Amino acid sequence: MELSKNYIPSATEEKWYKHWTDKKYFNSHPDGRPSYTVVIPPPNVTGVLHMGHTLNETVQDILVRKARMSGFNACWVPGSDHASIATEAKVVQMLKEQGIDKSTLSREEFLKYAFEWKEKYGGIIYSQIAKLGCSVDWDRTTFTMDDHYYKAVMKVFVDLYNKGLVYRGARMINWDPAAKTALSDEEVEFKDIVGKLYYLKYRLADTSAETTDKNESDQSFENYITIATQRPETIMGDTAICVNPNDERFAHLKGKYAIVPLIDRRIPIIFDEYVDPTFGTGALKVTPAHDINDYNLGLKHNLEVVDTLNEDGTLSEAAQIYVGVERFAARKKVLVELKEKGYFLKEEEYPSRLGYSQRSGVVVEPRISTQWFLKMKEMAGPALRAVLDGEIKIHPGEKFLATYKYWLENVKDWCISRQLWWGQQIPAWYDDKGNVFVAETREQAASLKLQASRAEQQDGESLQLAADSLQLTQDSDVLDTWFSSWLWPMEVFKGISDPGNKEVDYYYPTSVLVTGQDIIFFWVARMIMAGMHYKNVKPFSDVYFTGMVRDKQGRKMSKSLGNSPDLLDLIDKYGADAVRFGIMISSPAGNDLLFDEASLEQGRNFNNKLWNALKLVKIWEGRQMAEDTKEIVDDNFELVDETKQLFGEIDHLPNEAHLDHANYAINWFANRLQQVRADVEILYSQFRLSEALKVIYSLIWDDFCSWYLEWIKPGFDQPIEDEVYHKTIQFFEELMQLLHPFMPFITEEIYHLLSDKQDDLCVKQFSAIKEANHEILTSGELLKQVISALRDARNKSQLKPKETIKLFIQSEHSEVYRKIESILLKQVNAETISYVQETVANATVVAIEKDKFYIESERKADIQAVKAELLKDLEHQKGFLQSVLKKLSNERFVANAKAEVVDLEKKKQADAEARIRTIEESLANLV
RNA sequence: GGGAGCAUAGCUCAGUUGGUUUAGAGCAUCUGCCUUACAAGCAGAGGGUCCGCGGUUCGAACCCGUGUGCUCCCA
């Protein structure tokens, strides 16, 4: 079969993904095997996968595929969440473009449009997940608004309400004036800004007169108090001025009143230690409706609450002036008027922080509003314990444990209601008197009301009203999306809607949760809360936090910066395997990763390397020697003596040495493979996937391609021994298996091209790892070292690759080199190798350990260059010896250090001395 | 303001309980090669005050203190 020059990903990716899904390899059903369960962090239904998702999904796929190939019943559940605010905003926008105003629609009509929109665009994200090669069980795809999921959310809400954990009340909440909904504390992002502090004069009211004189505003400001504020547009909501009781400057104002500028409201001057006398002027204007701290002051001092803002952020009737003007425009107008009327003193720059809505991006308005809340203190305890006790392990732990702990210990109640339509409508019903009945259905709510009225009036006669005739109105708000996604690890297996079912018993708790560190509170902590509350069992054993994906310059990827590449474009350009490789190789666990397309190029090059190695091996196919099929190496990779003899007796073997050195190479690589497999296993267990990939990459590129294949490569047009060929195919297959979780497509493709297969790599189980033989590994390292040093010497002597050399080896253990002679011969392009006892004159000399290698060639050796090289090495060795001697001559070192350490230093000394002798002898020879 | 993390080659990072041949890798750079799988490649090389200062120790990239710089979280 003719193989293309380069690997073409597009040709194979679709084919294999279809094959895997047709074979139902990704579908999981409970069985006797241990489960390995992962639930996808549901991307929101409106979106497309960005680079952060790509990293995330790749990590999960690696873990899941590895588990699937290691005896586990791997189950990866895909899905998406309904993203209340984001989706509603998009649907509203779409309707607007069609000339439809949301306010003209009924709830039902709007939801019909929203579901249509979801059907149309919700699938994009799934096709991207598939493109990336993710081995999810598509039959389990879950959406947070699915019927069973909806019911589960209702059930949980009602249950928590009945337990007294969910309550309704008027509180200061974060209000998004663009989305016109409440937000939770976590949905507010604070940004540093340079704000302005405006100093304003408030006249003091004349205490002698009960009512203020209309003419007062014309009077000069003889008696006034100066306040500093960042929000002059809120002065119309002022209901007090507060000063510190210990501040002597204001002591005389006790019991006095001040007049709010522009609207002439008379407000008391109150005293509270909350006020910092050193900030601003030491006098604080108190606006209980528009600041959380002022709100608390208001509660304490029984102040009036004047809400001067509408839900869309414009000034309300209560403001009296500039009604209907947007808040920031109003600020400008108010300032102008304050200046005109002489209330304005000065302004200064002031570094501050402002809260922005995570969803709409507008400045969040603190607002008093009646909302539904979940008590968090009660939920936090078990969630904290599960992590602190180590039941759930966080990776990387040192970074996030403290954050997690702090949040849970200081958590405030969670505002769970949203003034939106897209989402689970709150299952609370009100009667005309404002009584609330919380139940999963209207009927149950009605019967609750019936019961309540029965309890109230014993008279049964008036209660003939049927439940359905009761005029109940359902709460028009929906629940925060996170109030549904916190049930995710349970409800994807219907653990809430159908508790105790077979599936949830088998798959829960899940194995690992892979997600971004930015949703540690939004989602991770709350999932742990829900899991502990409803199952009293952790939702997952490990949490793996990936870092943020940034661009090359370290900036966060964002739509506004336009620095986030399109995933499908990248896959088109480099192939899915290369994208996976690129993002993983540059992604140290838990650290942010600087995304650079160069790493994808590296991935594509790696694909190509694999492809070319395949081509080389395929050239040998059919060129194998018809041969006795006897094994040449046994299970321990040792050469079987019998086989050795057998080959020795076969006269048509063209190059006995070739088999000999091929056997050496096979033995070495077999052990090297086992060694790396063991290393990779440890790295997996520590979630150090980036390093695992690096190790595998190097094993394939360096050890397999650059060394092993070169060592066993037969001469041009020469045949290859059947056994060497098959052993090589086997190695190649094992390497593909090892790499498969990281780069599933090309590995499956090559696996099948190497030889005819009935099975698929995707589900091929890993064999047990064998203990590697360190002797052969060390020997291989020495061989590599010798080859590299001799090649370096050739380079430095400016020998062309084609020019041959005569190599003389002076060693006390020449048998070591005789065993690998033919490899050495080929690798350094020597025409002969001889063993000598004496130095060889006028040759380039290379000293390695205690052995000396002389290179003789047509080209005269550059004695000066060789000498300089040796002197440099000598200096280094002497310096090293010095440091060792310094330690050994230190009595306290010898007395205190462990015996092994001292012995090691002694060995270092002996080795260094031997090397120095070798170098000095070589130098002497040069003169 | 409170807390956490980080600082090692030009860049991105490893470096396990302090001792493992006077610090390792990948990428980038430089030199030489179109060598019969691969120039998206091969062979080789150079490159470090382990952020500064102080301490503990026989011995510190590693432990402690301190300063500086960066990042993140929280208020």
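Heavy-atom basis, side chains included; hydrogens, waters and symmetry copies ignored. The model shown is predicted, which means the values in this text are computed figures rather than measured ones. Letters A, B, ... are given to chains in the order of the sequence lines, protein chains preceding strands, and every chain is numbered from 1.
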### Task
Please state whether the rings of F521(A) and W407(A) are parallel, tilted or perpendicular, taking 30° and 60° as the class boundaries.
parallel

### Summary
Picking from G26(B), A37(B), G19(B), the nucleotide nearest the side-chain atoms of F893(A) would be G19(B)

### Query
Which is true for Y406(A) with a 4.0 Å heavy-atom rule: it touches a base, it touches only sugar-phosphate, or it touches nothing?
sugar-phosphate

### Query
With a 4.0 Å cut-off on heavy atoms, is S788(A) in touch with a base, just the backbone sugar-phosphate, or nothing at all?
sugar-phosphate

### Task
Compare the minimum distances between each of C58(B), G26(B), C38(B) and the side chain of E710(A), then state the nucleotide with the smallest one.
C38(B)

### Message
Counting the atoms with a prime plus P, OP1 and OP2 as sugar-phosphate, which does A897(A) contact under 4.0 Å by heavy atoms, base, sugar-phosphate, or nothing?
### Response
base

### Query
Looking only at side-chain N and O atoms, does K908(A) come under 4.0 Å of OP1 or OP2 in U20(B)?
yes

### Nearest-Å distance once atom C1' is located in both C51(B) and U71(B)
16 Å

### Query
Contact class for S706(A) vs. all strands (heavy atom < 4.0 Å): base, sugar-phosphate, or nothing?
sugar-phosphate

### Query
When we call it a touch if two heavy atoms are under 4.0 Å apart, what does F606(A) touch: a base, just sugar-phosphate, or nothing?
nothing

### Message
Can you see if the side chain of K800(A) gets near the phosphate of C33(B) - specifically, an N or O under 4.0 Å from OP1 or OP2?
### Response
yes

### Query
If pairing requires Watson-Crick or G-U wobble contacts with both distances under 3.5 Å, which nucleotide is the partner of G32(B)?
C42(B)

### Query
Checking all strands, does E803(A) fall into the base, sugar-phosphate, or nothing category for heavy-atom contacts under 4.0 angstrom?
nothing

### Task
Please work out which of the three classes, parallel, tilted or perpendicular, describes the rings of W707(A) and W711(A), given edges at 30° and 60°.
tilted

### No-H, no-angle donor-acceptor pair, R791(A) side chain to A43(B) base, under 3.5 Å
no

### Summary
Closest of U21(B), A40(B), U20(B) to the L904(A) side chain is U20(B)

### Task
Assess whether one donor atom and one acceptor atom, taken from the side chain of Q602(A) and the base of A28(B), lie less than 3.5 Å apart.
no

### Query
When the aromatic ring centroids of Y350(A) and F279(A) are compared, is their separation below 6.0 Å?
yes

### Query
Within the structure shown, what part of the strands sits under 4.0 Å from D792(A) by heavy-atom distance: base, sugar-phosphate, or nothing?
sugar-phosphate

### Query
Phosphate oxygens OP1/OP2 of C27(B): is one of them under 4.0 Å from a side-chain N or O of S586(A)?
no

### Query
Which whole-number value in Å describes the distance from W407(A) CH2 to G2(B) P?
24 Å

### Message
Does U35(B) have its OP1 or OP2 closer than 4.0 Å to a side-chain nitrogen or oxygen of N829(A)?
### Response
no

### Task
For K796(A) and for I619(A), locate the closest nucleotide of RNA chain B by heavy-atom distance; then report the residue assigned to the nucleotide nearer the 5' terminus.
I619(A)

### Summary
Among the nucleotides A37(B), U35(B), C74(B), whichever has the atom closest to the side chain of C705(A) is A37(B)

### Message
Counting only side-chain heavy atoms from C-beta out, which of A75(B), U71(B), A37(B) sits nearest to F190(A)?
### Response
A75(B)

### Message
Please classify the nucleic acid contact of R915(A) as base, sugar-phosphate, or nothing, using heavy-atom distances under 4.0 Å.
### Response
base

### Message
With rounding to the closest Å, how many angstrom separate the P atoms on C42(B) and C34(B)?
### Response
16 Å

### Query
Closest to the N795(A) side chain: C33(B), G41(B), G44(B)?
G44(B)

### Query
So which nucleotide from G15(B), C33(B), A37(B) ends up closest to the side chain of R688(A)?
G15(B)

### Task
Just say parallel, tilted or perpendicular for the rings of F581(A) and F606(A), cut-offs at 30° and 60°.
tilted

### Message
Centre-to-centre under 6.0 Å for Y544(A) and H395(A), is that the case here?
### Response
no

## Note on the structure
Of the candidates C74(B), G19(B), A39(B), the side chain of R353(A) sits closest to C74(B)

### Task
In whole angstrom, give me the gap between the C1' atoms of G15(B) and U56(B).
22 Å

### side-chain N/O K713(A) vs C42(B) OP1/OP2, d < 4.0 Å
no

### Query
Within less than 4.0 Å of OP1 or OP2 of C42(B), is there a side-chain N or O belonging to K609(A)?
yes

### Query
Where does the angle between the aromatic ring planes of W523(A) and W482(A) fall among parallel (under 30°), tilted (30 to 60°) and perpendicular (over 60°)?
tilted

### Message
Both E869(A) and K5(A) contact RNA chain B. Which one's nearest nucleotide lies toward the 5' end?
### Response
K5(A)

### Nucleotide of A37(B), C58(B), A75(B) approaching N896(A) most closely (side-chain heavy atoms)
C58(B)

### Task
Output the single nucleotide from C73(B), A4(B), U35(B) whose closest atom is nearest the side chain of A402(A).
A4(B)

### Message
Under 4.0 Å, counting only non-hydrogen atoms across every strand here, what does N6(A) touch: a base, just sugar-phosphate, or nothing?
### Response
base

### Task
Identify the heavy atoms of E749(A) and T12(A) that sit nearest to each other, and give their distance.
CD-CG2, 3.2 Å

### Message
Does K615(A) contact C38(B) through a side-chain donor or acceptor facing the base, at a distance under 3.5 Å?
### Response
no

### Task
For G5(B) versus U22(B), give the span between their C1' atoms, rounded off to a whole number of Å.
31 Å

### Query
Hey, is the side chain of K907(A) pairing donor to acceptor with the base of U21(B) inside 3.5 Å?
yes

### Query
Which atoms form the tightest heavy-atom contact between L777(A) and A772(A), and what is the distance?
CD1-CB, 3.9 Å

## Note on the structure
Whole-Å distance, K191(A) NZ to A75(B) P, equals 16 Å

### Query
Any chance the rings of Y404(A) and F400(A) have centres within less than 6.0 Å?
no

### Gap in Å between the two C1' atoms, one belonging to A28(B) and one to U21(B), rounded
29 Å

### Message
Using atom C1' in both nucleotides, what's the gap between U17(B) and A9(B) to the nearest angstrom?
### Response
28 Å

### Query
Would one find a side-chain N or O of W701(A) under 4.0 angstrom from OP1 or OP2 of C27(B)?
no

### Message
Taking U68(B) as the reference, what is the distance to G54(B) when you measure between their C1' atoms (whole Å, please)?
### Response
15 Å

### Query
With a 4.0 Å cut-off on heavy atoms, is W620(A) in touch with a base, just the backbone sugar-phosphate, or nothing at all?
nothing

### Euclidean distance for C1', A7(B) against A75(B) (whole angstrom)
27 Å

